[in-house]
Amino acid sequence: MTLILFAAPDLWPDYEPHLAPALAAAGVEAQIVTEAPDPAAVDYIVYAPSAPLQDFAPYSGTKAVLSLWAGVERIVGNRSLTQPLCRMVDPGLTEGMVEWVTGHVLRHHLGMDRHIQNPAHLWQPGGPPLARARPVTVLGVGELGLAVARALQALNFPVTGWSRTAKEIPGLSTVHGPEGLVQALSSAQIVVTLLPRTPETENILNAVSLAHLPRGAVIVNPGRGALIDDDALLAALDRGDLAHATLDVFRVEPLPAGHPFWAHPRVTVTPHVAAATRTSSAVQVIAENIRRGEAGMPFLHLVDRSRGY
Ligand code: NAP
């Protein structure tokens, strides 16, 4: 069985020591290559969407393309990609996302900036309410959103989750669809966006939907930049309708120098660092999917191309 890795060259040294042992532990005998003279003979492609490969047609014998990224918007519409496409669902990535979101939510909840940036050395009494009095909405309750919702609930935040389809998740208040969005935003003091980028989610936070948020709400976006209408967000921040936006992802990355987000006093920019795929756990996911493919079992984490995620 031949597996090819298509990713930035600097990723290979990270994966090389982990991938072969993970495959061996899964009982899969594999030849791992980074170049394929005969593409039709490649069984599996491990793929980072930043890789130059765009034409998958020559890989006619390939049983699956295994993405190293959770978000697949860059390849899901690629017409030459007819092989099954699996996205990355990596426990290490999820753990990182939970930590990043929890940290940024707590920053805003506790009002940490007031004390960290206090050049006049003002004695500012008055602490925050308890988390139980700070409703948080998580847009998207898939792998990442649900883990984040659970972590915030463990800190006593009342959490509402919004998804495309109706869900019954024990202990979590959930809503769905356009009406659910209005409901989810109307009560939220902090909104976390963990939706995939699809034609339906593009600009889901726009002038109309942002207006449903209570005054002083905060947005934390580690999902995708295109989920938010930048101009509408800036206008809401300028008016003081929103207190702050912490943004990890942008329409153009790196965020161009001079973009208004960089200098805005109510915006925090982080450089797409919320949650990286973690090599040591990701190789286990890849190995398990290949084991399943070789055993004739259905792949895990298959992308549904019709819905785009
Ligand atoms: P996932 O498991 O596929 O979950 C996606 C969630 O979004 C699901 O709950 C889904 O609803 C919901 N959704 C999709 N389209 C919707 C719509 N039109 N209306 C309402 N809800 C909708 O994805 P994930 O693994 O949690 O990842 C989410 C996103 O996080 C990724 O796509 C990626 O963009 C981003 N991400 C960012 C980083 C970072 O470092 N910043 C790292 C990893 C991932 P259903 O449950 O009804 O299907």
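Here the structure is a predicted model, which means the values were calculated and not measured. Atoms within a ligand are numbered from 1 in the order they appear, just like the ligands themselves. FYI, side chains are in, hydrogens and waters are out, and symmetry mates aren't considered; it's all heavy atoms of this structure.
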Side chain to side chain contact (heavy atoms under 4.5 Å, CB included), that's the test. Do I286 and L68 meet it? Break it down for me. CA-CA 9 Å; I286 292 166; L68 289 175; 3.7 Å; yes
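Nearest protein heavy-atom contact of atom 8 (C) of ligand 1 is G142 N, 3.7 Å. For atom 35 (C) of ligand 1, the nearest non-hydrogen atom of the protein is G223 O, 3.5 Å. Of the protein's non-hydrogen atoms, W162 CH2, 3.3 Å is the one closest to atom 19 (N) of ligand 1. Nearest protein heavy-atom contact of atom 11 (O) of ligand 1 is R164 N, 3.3 Å. At the top of the distance list for atom 48 (O) of ligand 1, counting protein heavy atoms only, stands Y309 OH, 2.5 Å. Summary of contacts: the protein heavy atom closest to atom 5 (C) of ligand 1 is P196 CD, 3.6 Å. When hydrogens are left out, the protein atom nearest atom 29 (C) of ligand 1 is L195 O, 3.7 Å; that is the closest non-hydrogen contact. The nearest protein atom to atom 23 (O) of ligand 1, hydrogens excluded, is given as R87 NH2, 3.5 Å; this is a heavy-atom distance.
On a distance-only criterion, R197 and ligand 1 share no N/O pair closer than 3.5 Å. Annotation: G71 places no N or O atom under 3.5 Å from an N or O atom of ligand 1; distance criterion only. Between L144 and ligand 1, at least one pair of N/O atoms sits closer than 3.5 Å. Not one N or O of E200 is nearer than 3.5 Å to an N or O of ligand 1, by distance alone. Checking only distances, P222 does come within under 3.5 Å of ligand 1, N or O to N or O. At least one N/O-N/O distance between V141 and ligand 1 falls below 3.5 Å. At least one N/O-N/O distance between D248 and ligand 1 falls below 3.5 Å.
Between I204 and S209, the closest side-chain pair of non-hydrogen atoms is not below 4.5 Å. Residues V28 and Y44 fail the side-chain proximity criterion, which asks for heavy atoms closer than 4.5 Å. By the 4.5 Å heavy-atom criterion applied to side chains, I32 and Y15 are not counted as neighbours. Using a 4.5 Å cut-off on side-chain heavy atoms (C-beta onward), R251 and E202 make contact.
Aromatic rings of F157 and H109 (six-membered ring for Trp) have centroids within the 6.0 Å cut-off, being under it.
Taking the six-membered ring for Trp and thresholds of 30 and 60 degrees, F6 and Y47 have ring planes more than 60 degrees apart, a perpendicular arrangement.
Taking 4.0 Å as the cut-off, K167 counts as a neighbour of ligand 1 on heavy-atom distance. Within the 4.0 Å heavy-atom cutoff, E73 does not count among the residues contacting ligand 1.
V285 and I4 fall into different hydrophobic clusters, where Ile, Leu, Val, Met, Phe, Trp and Tyr are joined by side-chain heavy atoms under 4.5 Å apart, directly or via other members.
Checked by atom type, the side-chain pair E200/Y309 shows no donor-acceptor distance below 3.5 Å. With hydrogens and angles left out, the side-chain atoms of T201 and R224 include no donor and acceptor closer than 3.5 Å.
In this structure, L242 CG and I219 CD1 are separated by 5.0 Å, a value rounded to the nearest 0.5 Å.
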